[in-house]
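In what follows, chains carry the letters A, B, and so on, assigned in the order in which the sequence lines appear, proteins first and then strands, with residues in each chain numbered from 1.
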Amino acid sequence: MRVTVDVKGEATHEIDTDELPGDSTSAAGQSASSDGTSNPESTYADLLTAVDLSPHEVSVLVDGRPVPEDQPVDADHVTVLRLIKGG
Amino acid sequence: MTGSEPTLVLPSDLREAILERARTGDPREVCGVLGGSFDPDSSRVRSQYPADNVADHPRTRYRIDPEEQLAIFERLEDRGEEIVGFYHSHPRGPPRPSETDAEAATWPDRSYLIVSLSPLDIGSWRWRSGDSGTEDSSDRESTGSRTAGKFERETLVLE
């Protein structure tokens, strides 16, 4: 699936989830392995990895609402926001 | 790099509005977004967008909810502005980044404006991430963190 990843304040990326490490439709149902070849579906965290970001520094939003990074990608447009926080 | 400090131009009326928010928000930290013209070394603020502080401990922490953050960014972009940076207050701390600020900073080259209430003062800093190419310099005041990056003080120009 082709996904547009809009990193607010920076660039917009076009990511093909079929090309992400860890994505393998032929291994559906198997657990993830350390070599990254048996993930049944790409997650939002995989998308973040593809654009060099960590779930610890951003929020992922779909249709304006945050989504858990460990969920399978289920949208063709994703907004990524760097966190604004501190002390 | 030229060796000179980066700058942030801040209109006086916006400075006063931010200071007033910090005063009325005391003892909680207040926070918001700065919109305007962004450049990694010379930015100009045209608007300030107040945001709710949704941190669990708002007297010593601040956090902007992602949904409100996105709504602010959309308003800002609709007005032809760029994300210049952010502001927050230190009701009981100095006008410089805390260790927590440095550990939580995520926006390379953006300005982090900090208001202190005791005594009343205001300062601004750029977050330089590990890959943004800024080196340590003995004539620059900086605050680092355990993460790859540091804050670089910038000159606040009031107009």
Side-chain angles (χ1 to χ4, degrees), chain A residues 1-17 19-22 34 36 41-87, chain B residues 29 31-35 38 49 51 53-74 76-77 82-93 97-110 112 114 125 127 129 131 145 147-149 151:
Chain A
M1 180 169 66
R2 197 96 179 143
V3 181
T4 301
V5 181
D6 179 11
V7 183
K8 281 293 179 186
E10 300 178 23
T12 299
H13 307 265
E14 297 289 336
I15 306 291
D16 188 340
T17 58
E19 297 176 359
L20 290 176
S34 59
E41 294 178 273
S42 295
T43 65
Y44 292 104
D46 294 328
L47 279 182
L48 293 178
T49 300
V51 297
D52 259 348
L53 289 170
S54 157
H56 301 296
E57 58 184 343
V58 300
S59 292
V60 178
L61 290 86
V62 173
D63 295 329
R65 298 292 175 87
V67 294
E69 284 84 0
D70 61 356
Q71 293 297 301
V73 177
D74 189 28
D76 60 7
H77 192 282
V78 170
T79 301
V80 176
L81 298 175
R82 289 181 180 271
L83 302 178
I84 305 173
K85 66 176 186 176
Chain B
E29 296 193 12
C31 52
V33 177
L34 303 172
F38 167 74
Y49 299 84
N53 179 1
V54 298
D56 290 337
H57 303 285
R59 291 186 177 213
T60 55
R61 298 284 187 274
Y62 77 97
R63 182 171 73 86
I64 300 179
D65 178 80
E67 290 183 50
E68 182 176 21
Q69 184 182 336
L70 181 59
I72 289 173
F73 287 171
E74 289 175 346
L76 178 155
E77 289 169 353
E82 299 171 292
I83 303 163
V84 166
F86 320 98
Y87 69 86
H88 73 281
S89 61
H90 284 171
R92 302 290 176 268
S98 63
E99 189 172 321
T100 301
D101 288 326
E103 289 174 356
T106 62
W107 285 83
D109 300 325
R110 258 58 179 204
Y112 284 75
I114 300 175
W125 305 71
W127 176 246
S129 63
D131 57 6
S145 75
T147 60
F151 278 109

Should we say atom CG of A/Asp16 is surrounded by more than 12 heavy atoms from elsewhere, each under 6.0 Å from it?
yes
Is B/Thr106 reaching over with its side chain to a backbone N or O of A/Arg82, donor-acceptor style, under 3.5 angstrom?
no
Under 4.5 Å from a heavy atom of chain A, the part of B/Phe86 involved:
side chain
Separation between NE2 of A/His56 and CD of B/Glu103, rounded to the nearest 0.5 Å:
13.5 Å
Taking every heavy-atom pair that is under 4.5 Å apart, which of B/His88, B/Gln69, B/Glu82 has the most such pairs with chain A?
B/Gln69
Are there over 12 heavy-atom neighbours, none belonging to A/Lys8, within less than 6.0 Å of that residue's NZ?
yes
B/Arg110 versus chain A, the contacting section by heavy-atom distance below 4.5 Å
side chain
With a 4.5 Å limit on heavy-atom distance, are the side chains of A/Leu61 and B/Pro66 in contact?
yes
Find the distance between CG (A/Asp6) and CZ (B/Phe73) and round it off to the nearest 0.5 Å.
11.0 Å
Whether over 12 other heavy atoms sit under 6.0 Å from A/Asp70 CG
yes
When you compare the side chain of A/Leu81 with that of B/Leu70, does any pair of heavy atoms fall below 4.5 Å?
yes
Let me know if B/His90 has heavy atoms under 4.5 Å from chain A in its side chain, its backbone, both or neither.
side chain
Under a 4.5 Å heavy-atom cut-off, does chain A meet the side chain of B/Ile64, its backbone, both or neither?
both
Leading residue by heavy atom contact count with chain A [cutoff under 4.5 Å; candidates B/Glu67, B/Arg61, B/Glu74]
B/Glu67
Please check if atom NE2 in A/His77 has more than 12 non-hydrogen atoms from other residues, nucleotides or ligands closer than 6.0 Å.
yes
